[in-house]
Each structure stands twice: as structure tokens, then as C-alpha cells.
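The figures that follow rest on heavy atoms only: side chains count, while hydrogens, waters and symmetry mates do not. Each chain gets a letter, A, B and so on, in the order the sequences are listed, and its residues count up from 1.
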Amino acid sequence: MLALASFIGSAVVPMPSRGDAVGSVLGTDSSGRDVLALLLHGGRAVLGTAILAVFVATIAGAFVGALVGLSSLRRNRSLERWLEAVDTFPAIVVVALFRCIEEHPSNIPVIAAVAIVKWAEVARIVRAESLRLGQEDFVLAARALGASKLSIARRHVLPHVTAAVSVSAALGIASVVLLDTAVAFLGMGPGTDAASWGELLGEGLRSAAGRPLGGPLVWAPLGLLTATVAAAYLFADALRDAQDPNAVRKQSARAAREPS
Amino acid sequence: MLSILLRRLLWTIPTLGAVSIVTFLVLSYVPDASERKPRSLATDGAAVAAYQREHFLNLPRFVNTEPRDTRALASRAADRVAKGDADADQAARELVRLGGAALPHVLLTLGDRPSEERLRVALALAPIAARMGLTRAEDAARPELAVAFWTQFWTDRGVEFRRASVRTAIERLVRYRTVSRAQELEELDTYVVPAVMEKLEAPATQADVEVARTLVEVLAHTTERDDRIDADASVEDARATVARWHEWWLVYETDFITLDGTTLVSAMVRETRYGKWAAGAALDLSGASPRADETYARIVRAAPTTATLVFGGILLGYAIAVALGTFAAAMKQRTLDIGLGAVVVALHALPAAALALFAHPLGGAALVVPTLVVAIGLVAGPARHQKSALVNVLHRDYVKATRARGASRLRVIVRQGLRHALFSIATLITVEPPIALGTAFVVEAVFGLDGLGRLTVEAVETRDTSFLMALALALALAATVRVFIVDLLYGVLDPRLRGRVIGGAS
């Protein structure tokens, strides 16, 4: 499953950025632009957005989470409340807020919104993990040996939280792609000038309102979106299975049963 | 227990405060607001200044290190008049507008000025004397008498420029409502405005209207802002007028009060854009403002639709997910399991817009189909969760023991399945609504429902900051209430967690 996920992922990610020379295999959109080229550009845009947003959020969240989880603030309930409040704030409203203050439409609102909301989730995960790890013998031993908090965080905590954080990041990419589509569909995206799967899908769906399955303008972006999100989702799933001790035990038990 | 719950509820206050500050900071960068409108007002400097003033654009965002008050404004205007520069006329008008409130500051320093400057300032004050209706007010306009007039005035009447005496005068006016009592106040000019505004309340009965009318009359006379209550005005008309005066006061308060000590410190916070916004919101909430029913009513009207979509969608989605997850865990056939998993993931990955449009022909009048669309997008996560949790549990020793004692497989699955379902619902229900809200917005757009999503998109197009501000606050409030309910739910579900979780330990 991991291989499948990474195959789809890698097939999607390094798409050529220039698609102008490709023949009009999929036809053109309402303003006569080649759909395939638009799809390729849109893919780069949406994945770039998703990866940048999730990257920023993950780094910030992991930093804050480790800081809070290991410092004297770890028992601070109000901090947990603040993180919770940020985490439960709807990203789409943050997009609306940022969309409101920019002069020219761009995909910065989506990146900003995801970064702002998502870091709290990562921070909560990392904080919980650091709290748990702080009680473990090997961390206590390291502390007893005089290791500084920074080195404990780097040597002992971070390797353990990467698992949970990478799952959350993979899921985050899926949700950013969906959010980007929703935002573009609602007309709060970068506008029709930019290539975006969401815009294309919205345009296709609106023009094909009557027919159940419209032209390539509907199914091409739809298929790509679904494939990307499903890939990210399955990737997260596989990551989780690979890192879940219970699942590992099951797998090794199965491997022991059928040695092949 | 009760104190813990109360403490928890109190948490909403700082949370809302923080959300409002952050949202405000973001929205304060909305472009054009300061440039677009004034440009349409032509290049009239005074009009632009007034526009900026009324939208608080001349104020800093959060902390005002130098709040301006009557004293600062009056001495600046008086200095400009004294110098007799090109903008002296404008400064003189400013001085007249500040009126009686500025007199203590201007007249006290009058003697320190060189005689030439003294004369200019004294002459600039003449319209105030006329407005006050003083005897021999025309003397103030005559160059040879003006300075003597104001010196005499301050000697005779300076003692009346005191808060306490103004307050008793207003009490008398409210009680007797005679012309002479009103005259008494008008002779102090704008100096009485702060106290009158304090006294001015939204009228509830016809008797209140009379009081408000008398007070507004004094305000209108001293500030030369012609917004009065007619003799035969209804209670509603009077309320609207009073509300307009309160809004005016929100903008121009500092022109008529002197800041010192504690008021100076509080003004550093209040005389900011955020402070003005918060005061305006409080004014709206108190129902005194004519705009009150606009933004709030729109949100209140649209909220049920969106709430139905979000929470109905979550409940429905979880019901489906729990059933599917339990089913998948109970079935040992791997092909079925994988098939179900694939369908669930595909549905999750399908953008809500596409799903909604495919479902659109099914109709959406009763919110059933739209809710279902929201629900389908949410199935994947909890279904997986439910399945793996149940599979784990079914391998546990205590479950095997139960089975060994003769409980049927179905009974074990249903009991364990439901318990886990409730737990995962309690855990995830705080996480899901933000995601469901995004879906709900799209679904509303597709089905043409009159919900928060449509309003938000409209607000973004028109850059309606007050709506977005209110929306952010409403959502933050909903989130804190939700967290609170979930904590209660934990306590009900698991007696071991009672007190611990509610206390806030993670």
C-alpha cells in the first residue's frame, strides 16, 4: 500500500511545469486554454501550496510542542486550552479573513490559513508525546546523565514524534488539497487567471450542471484531485500502520504464520 | 464539580478576547478602506479627515501612547490662531467646535500670551460667546473689548466650570425641564456634553422621550449638530436619535473631555481602533444602535442552516462510520474489508463540490440531501478508527473471557462497538466541525441554501469586516461551548475520568 501511495504521489508531484506543447488531448476551457496544460500547472500550484503550508505548520508546531512539552510549562492547562482554541478554528474562515485583506487574489490565504490552524494540531501532538516520553526511563536516564533539554528534545523526543507528526502531515496535505478546491469553488481562490484544479473543476461543474458526467473539464481535475487526496490519505494510513506497534505485531504474526 | 464547570465557562472570555484581537489585527489590514472612500469625497482635506476620524483610521491599532483630549486639541488650535498663519481660520473653527470644553484651557493661558496673540485668540472665541447666549456677547467680537470680555467672563463664571455643578444642573433640568434650566447648561456650552451623554439613555416610555428630547436639545445646541427629537416623535424615533448621538459620542468623545490619571491610562487602550470597535460592538449588543439588528440578525438567521449541516452531517457521518467500521471488523473476509475501505477513501477524497453537484438533482429543500453530502465526506476517518479499535478490543483477554462465559459474538461486538463508538465520537467531535464547516460552505453554495457560507462569500467580496469579525467570534464561542460539552460527555461515559478530564488534565 505504501508503494502504491508513493507511486501515485511521485507520479503526481514531479509533473512537468510547462505543458504548452502538449496537444489538446483534453480540449480547451471556456477561454480557449488547453486543459491538459492547465491541469499540469494547476497540479504544481496546488501541491506547492499544500506542501509549503504543511511544512511551515509542521515545523512551527513541532517546535512549539516540544518547547511546551519539555519546559516547565508542560503542566500549564491554559496553554493547552489556547492550542485547542486555535486548532478548532475553521480554516475556511481564516481563508476568508486573509482573502479579505489582500489586494490581488493569490493562494497565500490558503497557505496562511493552513499554517495558522495546523500548527496547533501538530503542537498538541508533539506536546502530548513529549509529556509521555518525559516519563520514560531513557529520558530520565539522559537527564540524570546531565543532558540538556535541547539535546533531550533532539536525541530522544524528536525521533519518537516524527511518526505521529508525519502521519498528521500526510493527512494535512490531503486536507489542504480539499480546502484549496473548496475555496476555489466558492470563488475565494486565486481567480480564473491562475491555473487551479479547483477553479477548473468549478468551471466544469457549473457548465455541466445538467448532465451527470460532464466533459473532460469535470472528470480530469476531479480524477486528479481524488487521486491526490486518496494517495495522501493512503500514504498516511500506511505510515500509521508501519509505525503502529500493534499493527507491526500483527504483521509479524502474519509473516510468522505464512513464511513466504 | 460546579466550580470546575464555572471555571471552564470562564475560559470562554479570554478565548473570545484573544480571537477578537487576532481577527481584528488581520482585518485592520483590509486595503482601500482609507483611500478608496475619501477619493470619492473629492480632495477636500476636511472631508477626508472627518471620514478617517469616523472610521477611526487616525487611531493606532491597539495602544495609543498619546491619546488626544480637549486640552491638547484646544491648546494646539489656540496656538495656531495666535500665530495668525494661513490656517488660522481653520484653527479658529476648530476652537469654536471644541467650544466651552476648551475654554478652561484656553482662557487660563490667555494672560501668558503677548497682547497681539491674546487679541487674536479672544476674537476667535467670539462665536462661542454668541452660542452661549451671554449678555453683551457682541462685546466679544469687538477688538477693543474682546480680551477684557473673556477675562471678566473667567473671573465671574470660571467657578461654574466644574463637573459637580454641571451634574446638579443636569439633574435640575431633567426634573423641571424648563427653558431657564436649559439656558443654564447652554451657558457652559460644550463643557456639559460629557455629563449630558452620561445621562442620555435610550428612552423606553413616552416620559423618557421628553427627558431625552430636553437633553438632546442641549447637545444639538452646543455642538451645532442638528439631530433633534421632534415634539411629537414616537419612542422608536427617539431611540434612533439617541443611538445616533451615542455613535457620534463614540467618535468625538475625546474632543470634550480632559484626560488625566486613570482616565488617561484607560484612554490609551480605549482610544484605539480596537477599543473603538469593542465599544461599538458593546453599543450594538446593548440594542441601542440602529445597526444592531443588521449583522447579528443575519448571523442568527443563517446559523441554523449551517449548524444543521455541520452537526447533522457529523452525527449522520458517524452513524454510518460506526456501522461500517463495526461491520468491517466483524467480517473476516479481507476482500469485503478492502472493498469497503476503498469506497470510503474514495468518498473522502472526492471534493465536496463534485459530490454536492452530483447529488444536486436529488433535491435539497429539506436539508436531508445536503446533510448527507456533508456526512459522506466525514465517514472515512471514524470508520477506520472504529474498525481498528474494535479489532484490537476483540483480541483482548477480557473479551475472550466474556466469550468463553457464553456471550454471543454479536453481543460482544455490539457492546464493545458501541462503547468505542461513543468514545471516538466524543474525542473527534471537537476536531470535525472545522472540516465539516468547509464542506457545509460548499454544499450551501451548490444547493443555494441561505447559510453562513453564502454570507461569508458575500462578505469577502464586499470586504464587510464587521460581518467577518462577528462570524469569527461566533465560531470561537461555538468551539469553546463544544469543548465544554465534550468534557461533560467524557465524564458521563467513563466514571474514571470524572473530575480528572473535566479538571482539564490531558
Exercise for review: Measure A:A182 against the heavy atoms of chain B and call it side chain, backbone, both or neither at under 4.5 Å.
Suggested key: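 A:A182 touches chain B through backbone and side-chain heavy atoms alike.
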**Study point:** Side chain, backbone, both or neither of A:L97 within contact of chain B (heavy atoms, under 4.5 Å)
**Key:** both
Practice item. Under the side-chain contact (heavy atoms from CB on, under 4.5 Å) rule, collect the residues that match up with B:S20, sequence neighbours excluded. Key: B:Y274, B:W277, B:M469, B:L473
Study note, to complete from the structure: Interatomic distance, CG@B:L455 vs CZ@B:F441, rounded to 0.5 Å, equals 9.0 Å
Review point. How far does CG of B:L449 sit from CG of B:L309, to the nearest 0.5 angstrom?
Key: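 Answer rounded to 0.5 Å: 6.0 Å.
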**Study point:** Part of B:V19 within contact of chain A (heavy atom distance under 4.5 Å)
**Key:**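 For B:V19, the side chain is the part near chain A, not the backbone.
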Which side-chain N or O atoms in residues 112-121 of chain A pair as donor and acceptor under 3.5 Å with protein atoms at least two apart or in another chain?
{"from": "A:K118", "atom 1": "NZ", "to": "A:S168", "atom 2": "O", "distance (Å)": "2.9"}
{"from": "A:K118", "atom 1": "NZ", "to": "A:S168", "atom 2": "OG", "distance (Å)": "3.4"}
{"from": "A:W119", "atom 1": "NE1", "to": "A:I116", "atom 2": "O", "distance (Å)": "2.8"}

